[in-house]
Amino acid sequence: MAVADGGFRALDEKSLIEYIRATPALSSLLGDDLRALTVKEVGDGNLNFVYIVISSSGGSIVIKQAIPYIRCIGESWPMTKERAYFEALTLREHGRLCPAHVPEVYHFDRPLSLIAMRYLKPPHIILRKGLIAGIEYPLLAEHMSEYMARTLFFTSLLYRSTSEHKREARSNKFDLNREERWREDATADDICNGKGQQQWGSYKAGKQRRGEKNRSKPAIIAEYCGNVELCRLTEQVVFSDPYKISQYNHWTSPYLDQDAETVREDDILKLEVAGLKSMFCERAQALIHGDLHTGSVMVTTDSTQVIDPEFAFYGPMGFDIGALVGNLILAFFSQDGHSDNGKDRKVYKQWILKTIEDTWNLFHKKFISLWNEHKDGNGEAYLADVYKKPELWFLVQEKYIKDLFHDSLGFGAAKMIRRIVGVAHVEDFESITDAERRAYCEHRALEFAKMILKERQRYDTIEQITSALQNIPS
């Protein structure tokens, strides 16, 4: 493939094999025989190419490459390749904070915007596809609440000092290249056994002797400000385009023509969205995933793995929580379009509602537990010496969680709206082949999202939300 500016070239299956063979950090993971590598492109998202690579000896990795435009649109919509850098940073940082639910990164090549990571083998599938198929995941709420509680709490001012939160980028960058060089010097066996741990320990000790910052330190706000293009993309497609005539907007026409116009003409809705956009742009609350929908989670009945954090930045916690809950609500509304052969999916819809409740309630419990556990630590948002009265401490936490709940509802509703009348839709609805039936499901979801966005302040519990969902007339 032709080499572009900065050494970038888009890889295909043939050139990817050549790259792997020339990169010890990758070839060592695939075994001794690299003559018969199987490569399959599986990217079904909007932005990137994703390859599964399997060797004859059973080794496997996933390679993801960012290209300089939006894949689902084409070269007419350019997009920075640097998103791969922020994805690699976030996978490593969130993986450090919640290793059970984030796949390991093996290698990152910044000039090629290429990430190599652990292959999540079958029966792992994208959560969205499982929800369409009507599969129950009994540990989903437990796992996702754990992921969100840990990644959001430990990257916030509830845990960190203000100086650590805002430290200049150049003093605390992740040393990706040095770690890659260590990995290239170690064999696959070294990485997996005690020798690998000893080597990694020696590597970190050497950094400390040289006075270097430990790469496990959290990434800081200034570094993530570089992900501005993807933040601006979110600002456009979530908070702007659905509320005006825009080139790439589309919907199930003609059935939703009036619905799309109603969104564009709803001034109260626009006022609420303006507040959410302002919060998204201005509140550096925690290191958020930035695109935590059901297409960014891979699952089995006993495993949950969060992928694709290329939209990550320091933003409002509620954007992550709302994205997940909002997409589960979309899945709820789509079920009537997937019922067939006399199966109305009523039982499955109840499971989705229970999962929504459990996800928020478990998150609430775990987040508060982490906060209480570390209240005497470095966190400077609420100093223990100031809020020493137990009743005041309770009120502080109660208000924080209440505000976060309302933020999450607002962001979730905005994400729902944009998936129905904006540029990028969801397979939950798009896989319903009967357009009239699809539009019926989408209309009900859109009406609910608009109501929640405008009236979220009157809801105090997640059970009130699920009750409202159950009571929507057919």
Side-chain angles (χ1 to χ4, degrees), residues 47 82-98 101-102 143-160 164-166 169 174 218-239 275-297 304-328 359-360 363-364 366-367 370-371 379 381 400-401 403-416 418:
L47 297 180
E82 278 292 276
R83 62 186 185 268
Y85 171 67
F86 295 102
E87 178 170 0
L89 287 183
T90 307
L91 284 170
R92 282 177 168 164
E93 177 63 358
H94 281 182
R96 182 183 70 85
L97 296 171
C98 193
H101 303 305
V102 180
H143 291 170
M144 288 307 298
S145 61
E146 181 78 4
Y147 167 82
M148 292 189 298
R150 293 189 64 83
T151 57
L152 297 178
F153 175 80
F154 284 116
T155 60
S156 76
L157 285 170
L158 300 179
Y159 177 75
R160 293 159 54 179
E164 183 179 17
H165 202 58
K166 298 178 179 180
F174 283 167
I220 34 63
I221 296 171
E223 181 73 359
Y224 275 89
C225 286
N227 206 16
V228 60
E229 283 198 39
L230 266 67
C231 289
R232 286 183 58 81
L233 177 61
T234 300
E235 293 162 23
Q236 176 181 343
V237 301
V238 176
F239 303 113
L276 290 171
K277 182 177 181 180
S278 180
M279 189 189 310
F280 178 86
C281 297
E282 298 167 358
R283 184 181 293 180
Q285 196 172 23
L287 177 56
I288 66 172
H289 178 286
D291 200 27
L292 193 58
H293 53 71
T294 53
S296 295
V297 182
T304 306
Q305 301 291 316
V306 177
I307 60 173
D308 297 346
E310 60 199 325
F311 283 80
F313 77 113
Y314 273 81
M317 296 181 186
F319 194 75
D320 270 5
I321 302 167
L324 179 63
V325 171
N327 274 261
L328 288 173
T359 298
W360 170 260
F363 165 81
H364 179 182
K366 293 174 182 182
F367 191 88
L370 288 171
W371 193 351
Y400 192 99
I401 292 296
D403 290 344
L404 180 54
F405 180 65
H406 291 148
D407 294 347
S408 301
L409 293 180
F411 285 123
K415 297 278 274 186
M416 291 174 65
R418 81 93 160 192

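Note that the structure is a prediction, hence the values are computed from the model and not measured. Heavy-atom basis, side chains included; hydrogens, waters and symmetry copies ignored. We number each residue from 1, following the sequence as shown.
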Are any of the side-chain heavy atoms of Glu310 and Asn227 separated by less than 4.5 Å? no
Least distance between heavy atoms, Asp308 atom then Ser296 atom: CB-OG, 4.2 Å
Hey, can you tell me if Phe411 and Phe319 have their rings parallel, tilted or perpendicular (30° and 60° cut-offs)? perpendicular
Under the salt bridge (charged side-chain N to carboxylate O under 4.0 Å, His left out) rule, what pairs show up with a residue in residues 226-235, not counting sequence neighbours? none
List for me each residue that meets side-chain hydrogen bond (donor to acceptor under 3.5 Å, both in side chains) alongside His406, sequence neighbours excluded, and say none if there are none. Gln457
Just so I know, are the side chains of Met148 and Leu292 near enough to count as touching, which here means a heavy-atom distance under 4.5 Å? yes
Between Phe367 and Trp371, how do the two ring planes meet: parallel, tilted or perpendicular, split at 30° and 60°? perpendicular
Between Phe313 and Phe280 (judged by ring centroids, cut-off 6.0 Å), do the two rings come close enough to count as a pair? yes
Which atoms form the tightest heavy-atom contact between His143 and His101, and what is the distance? CG-CE1, 3.2 Å
Whether Lys415 and Asp291 form a salt bridge (side-chain N of Lys/Arg under 4.0 Å from carboxylate O of Asp/Glu) is what I want to check. yes
Once ring-ring contact (aromatic ring centres under 6.0 Å, His included) is applied, do any residues pair with Phe86, and if so which ones, sequence neighbours excluded? Tyr224
Gap separating the CZ atom of Phe363 from the OG1 atom of Thr359, nearest 0.5 angstrom: 11.0 Å
Distance check, rounded to the nearest 0.5 Å: Tyr159 atom OH versus Leu370 atom CG? 10.0 Å
Measure the spacing between OG1 of Thr151 and CD of Glu146 and express it to the nearest 0.5 Å. 10.0 Å
Calculate, to the nearest 0.5 Å, the distance between atoms CG and CE belonging to Leu328 and Met144 respectively. 8.5 Å
Can you tell if the side chain of Phe239 reaches within under 4.5 Å of the side chain of Cys281, non-hydrogen atoms only? no
Least distance between heavy atoms, Leu152 atom then Ala286 atom: O-CB, 3.5 Å
Residues forming a side-chain hydrogen bond (donor to acceptor under 3.5 Å, both in side chains) with Tyr147, sequence neighbours excluded: His94
Could you state the interatomic distance from CD (Gln236) to CZ (Arg418), rounded to the nearest 0.5 Å? 10.5 Å
Mind checking whether Thr90 and His289 have side chains closer than 4.5 Å, heavy atoms only? no
Do we see a donor-acceptor contact under 3.5 Å between the side chains of Tyr85 and Glu223? yes
Not counting sequence neighbours, which residues clear side-chain hydrogen bond (donor to acceptor under 3.5 Å, both in side chains) with Ser145? List them please. Lys366
Could you note down all residue pairs passing salt bridge (charged side-chain N to carboxylate O under 4.0 Å, His left out) where residues 403-413 supplies at least one of them, sequence neighbours left out? Arg283-Asp407, Lys399-Asp403
Considering all heavy atoms, the nearest Leu287-Thr155 contact: N-OG1, 2.9 Å
Nearest non-hydrogen partners of Ser156 and Met317, listed with the distance: CB-CE, 3.5 Å
Compare all side-chain heavy atoms of Phe153 with those of Leu97 and state whether any distance is below 4.5 angstrom. no
Contact summary for Val102 and Gly95, nearest pair of heavy atoms: CB-CA, 3.7 Å
Non-hydrogen side-chain atoms of Thr234 and Phe311 separated by less than 4.5 Å: yes
